[in-house]
A.B. asks: 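Mind looking over this structure? Questions follow.
Being a predicted model, the structure only gives us computed values, none of them experimental.
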Amino acid sequence: MNRSLRDAVLADRNALRARHSGLFAADITHRLLVTGLIALLGGFALFAFWRLEFSFSRLGSGAAQIAHIVGLMFPPTPGTKLPIFLSALAETLAIALIGTLAAAIVAFPVGFLAAKNVVPNIFAHFAVRRFLDMIRGVDVLIWALIFINVVGLGPFAGILAIAVSDFGTFGKLFSEAIETADKRPVEGIVSTGGSHLHTIRFALVPEVFPVVASQVLYYFESNTRSATIIGIVGAGGIGMHLTEQIRMLEWDKVSFIILLILVAVGAIDWVSARLRHAVIGRSSVVV
Amino acid sequence: MNGAVLHLPPAQREHALAAYRSAVAAKRVRLAMGLAILAVAIGLAGIAGEIDARKLFDNIHRLPNYLVSITPQLSWANLGGDLAEWFWNLKDWLKLLGDTLLIAYLGTLLGFFGAFALCFAASANLEKRRWVRIVSRRFLEFCRSVPEIVFALLFVVAFGLGPMPGVLALAIHTLGALGKQFAEVVENIDMKPVEGATATGASRVSAIRYAVLPQVMSNFASYTLLRFEINVRGAAVMGFVGAGGIGQDLMEAIRKFYYSDVSAILVLIIATVMIIDLVTEQLRHALLGREQRA
């Protein structure tokens with residue numbers, strides 16, 4: 001049935017084309033635009049391949065090397081280092097937790113400063129926002145390197161790196177949460193004679209707290225990932241061992257550490273997603 | 001004026017007040033319990049993270065000192081000369097920044113192709129075979145859960161130093177991240193055009209080309225631009241593990257205490273990231289605007 005319809009249409013194609021010429025005419029400008037865009041992107045890619053010295057021979061030998069390495073990765077074993085790895089993992093989680101909390105505590109008041117509806121002064125608001133943007137423009141690994149210079153190698157540099165880089169993010173997110181908060185509770189407090197501080201304490205804080213808490217939890221989750229990698233530059237945690245084992249070409253230990261990281265991150269994701277739903281769920285009941 | 005305020009009968013007022021107090025008390029108990037759990041967690045984390053309050057106070061003054069030492073000495077009288085001295089290596093740094101952008105570009109592009117190829121197999125409405133879906137989803141999840149810098153570390157061993165391992169590491173991470181987002185976009189399409197195309201006898205490929213792509217392309221492009229933005233930041237630190245770009249110079253400057261170089265490179269990176277953010281934001285708004293008009 002279907003087939004015969006298709007055949008009939010195909011046989012009648014020229015007549016159809018004559019009757020509905022508008023539908024069959026290709027949109028030339030659109031075609032040209034798309035072709036031009038693809039040519040531009042492709043040309044740029046070719047230039048990048050040339051400039052970055054891509055070569056198929058290197059790709060081939062590297063791929064063979066990868067296959068060899070992956071072969072050596074199985075079965076993953078910690079060797080005699082299981083206690084060391086586990087304590088490094090605990091250190092990683094500690095870096096993430098304390099770094100995130102420190103960032104949140106410092107960023108909470110700054111978020112109010114950066115919110116238009118709390119500080120109406122446009123210059124103050126603009127200055128705080130740009131300052132936060134600048135902090136966010138620097139990757140957490142760069143902060144880690146800098147803090148190693150300041151406080152030396154170890155987890156403490158990692159905590160400071162995560163705290164500073166998250167401070168920028170939290171400041172922005174919190175101020176946005178405060179700006180989008182419902183105005184009516186504030187008006188209610190003002191109408192009963194409350195001061196500016198009263199409106200913040202009894203109208204804005206209860207409103208934004210669930211949002212802020214869920215954002216902090218979300219970033220704790222993402223910071224467990226960051227905390228695993230800042231060890232690569234020497235700022236504590238499991239990343240330090242990962243780099244060490246890769247340098248020593250102990251591939252079965254490398255794969256064990258990667259698995260350990262994946263399991264830990266997965267577990268934290270699961271717990272924090274549940275906590276987040278609990279926090280948001282409660283707030284929706286109150287509101 | 002005050003006399004007009006209504007007062008509740010005492011019994012009723014007592015009842016309302018008691019209810020209020022018990023509600024507040026219950027809330028406070030819950031808050032206190034949460035805080036206690038948090039305090040225990042912080043205490044444990046403090047032990048595991050080797051937090052030493054005294055070390056913090058002994059060293060905290062070094063942070064402002066460091067910030068002061070990386071601040072270049074600029075004077076108004078000799079601004080041009082001072083700037084030239086601060087950015088003495090500008091030509092090389094700009095080249096490295098260009099390489100960093102190219103690494104991010106290629107990584108995003110290659111990752112886009114991979115994600116595009118896999119996203120239809122990972123979406124529930126276009127792929128009916130459960131096992132294909134599960135396998136492709138798990139693969140995407142693996143690609144995005146392993147941090148790109150870890151892939152870069154591995155690839156530097158396999159491919160040797162240089163930008164190539166950086167590009168491949170970014171590409172794999174991008175493949176995982178974009179693949180998931182693309183699959184979510186595909187799962188939210190209107191299925192009627194697909195049914196229409198299938199009804200006229202279209203193959204799977206032409207159904208995707210003529211019924212799915214027009215619906216998803218602008219979202220795909222928008223997610224890809226966002227990922228490019230993220231990859232520029234990622235590419236800037238690829239040099240830390242020897243995978244090309246400006247990161248290598250930055251790490252050297254930080255490790256060897258070339259203070260003014262640190263701030264010069266950081267200024268360049270921050271400026272680049274901000275410009276890229278602005279441009280991609282404009283492009284994304286243009287794309288989404290086009291979609292809303294359509």
Side-chain angles (χ1 to χ4, degrees), chain A residues 2-3 5-6 9 41 44-45 47-49 51-54 58-59 61-63 65-66 69 87 90-91 93-95 97-98 101 133-134 137-139 141-142 145-152 154-156 158-160 225-226 228-229 232-233 236 242-243 246 249 254 258 261-262 265-266, chain B residues 38 41-42 44-52 55-56 59 62-63 65-66 98-99 102-103 105-106 109 142 145-147 149-150 153-155 157-160 162-168 199-201 233-234 236-237 240-241 244 247 250-251 254-255 257 262 266 269-271 273-274 277:
Chain A
N2 246 338
R3 276 291 140 200
L5 176 64
R6 184 180 157 84
V9 168
L41 291 174
F44 207 58
F47 170 71
F49 279 123
R51 167 85 196 142
L52 301 179
E53 294 165 356
F54 263 67
R58 254 180 93 192
L59 210 59
S61 65
Q65 186 80 10
I66 294 254
I69 289 174
S87 83
E91 195 177 285
L93 294 182
I95 291 172
L97 179 68
I98 295 186
L101 280 179
D133 279 352
M134 226 170 69
V138 179
D139 195 271
L141 272 182
I142 300 177
L145 266 183
I146 289 177
F147 280 114
I148 287 171
N149 271 358
V150 177
V151 299
F156 195 45
I159 290 171
L160 289 174
R225 289 164 218 266
S226 310
T228 57
I229 60 169
I232 290 172
V233 296
L242 182 63
T243 329
I246 290 179
L249 307 180
V254 170
I258 292 179
I261 292 176
L262 289 182
V265 170
Chain B
L38 193 63
I42 292 175
L44 288 177
I47 298 168
E50 297 170 22
I51 297 269
D52 189 345
K55 198 174 156 197
L56 176 63
N59 285 308
R62 288 165 69 177
L63 179 59
N65 283 357
Y66 189 82
D99 282 358
L102 287 181
I103 292 172
Y105 175 69
L106 268 191
L109 193 71
F142 172 77
S145 322
V146 179
I149 202 99
V150 173
L153 266 175
L154 292 175
F155 290 166
V157 176
F159 294 95
M164 206 164 87
V167 169
L168 296 177
T200 62
R233 288 160 210 260
V237 296
F240 286 12
V241 296
L250 177 61
M251 188 167 75
I254 296 177
R255 288 243 164 107
F257 297 96
V262 174
L266 279 182
I269 292 180
I270 292 174
V273 167
M274 278 184 176
D277 280 11

A.B. asks: Below 4.5 Å from any heavy atom of chain B, which atoms of Asn149(A) appear? Answer side chain, backbone, both or neither.
C.D. replies: both
A.B. asks: Side chain, backbone, both or neither: which part of Leu153(B) has an atom under 4.5 Å from a heavy atom of chain A?
C.D. replies: both
A.B. asks: At a 4.5 Å cut-off on heavy atoms, which part of Val265(A) comes close to chain B: side chain, backbone, both, or neither?
C.D. replies: neither
A.B. asks: If you count heavy-atom pairs under 4.5 Å between each of Ile42(B), Val237(B), Val273(B) and chain A, which one has the most?
C.D. replies: Val237(B)
A.B. asks: Relative to chain B, which segment of Arg51(A) carries a heavy atom at a distance below 4.5 Å: side chain, backbone, both, or neither?
C.D. replies: side chain
A.B. asks: Less than 4.5 Å to any heavy atom of chain A: does that hold for the side chain of Ala271(B), its backbone, both, or neither?
C.D. replies: neither
A.B. asks: From Phe240(B) CZ over to Ile229(A) CD1, what is the distance, rounded to the nearest 0.5 angstrom?
C.D. replies: 10.5 Å
A.B. asks: Under a 4.5 Å heavy-atom cut-off, does chain A meet the side chain of Met164(B), its backbone, both or neither?
C.D. replies: both
A.B. asks: Flag the one option from Ile261(A), Leu262(A), Asp133(A) with the top tally of heavy-atom pairs under 4.5 Å to chain B.
C.D. replies: Leu262(A)
A.B. asks: So what's closer than 4.5 Å to chain A heavy atoms on Leu250(B): side chain, backbone, both or neither?
C.D. replies: side chain
A.B. asks: State the CG-CG distance between Leu93(A) and Leu44(B), to the nearest 0.5 angstrom.
C.D. replies: 11.5 Å
A.B. asks: Name the option with the most non-hydrogen atom pairs under 4.5 Å to chain A; the candidates are Asp99(B), Asp277(B), Ile269(B).
C.D. replies: Asp99(B)
A.B. asks: Looking at chain A, which one of Val241(B), Ile103(B), Leu154(B) has the largest number of heavy-atom pairs inside 4.5 Å, strictly under?
C.D. replies: Leu154(B)
A.B. asks: In Å and rounded to the nearest 0.5 Å, what is the CD1 to CD1 distance from Ile254(B) to Ile142(A)?
C.D. replies: 6.5 Å
A.B. asks: Quick check against the 3.5 Å criterion: does Tyr66(B) have a side-chain atom that pairs as donor or acceptor with the backbone of Phe147(A)?
C.D. replies: no
A.B. asks: Under a 4.5 Å heavy-atom cutoff, which of Leu249(A), Ile69(A), Val233(A) has the most pairs with chain B?
C.D. replies: Val233(A)
A.B. asks: Could you have a look at Val262(B), Leu106(B), Ile270(B), Leu266(B) and say which one has the most heavy-atom pairs with chain A under 4.5 angstrom?
C.D. replies: Leu106(B)
A.B. asks: Give the member of Phe155(B), Phe142(B), Phe257(B) that has the highest number of heavy-atom pairs under 4.5 Å with chain A.
C.D. replies: Phe257(B)
A.B. asks: At what distance, to the nearest 0.5 angstrom, does CG of Leu52(A) lie from CG of Leu102(B)?
C.D. replies: 5.0 Å
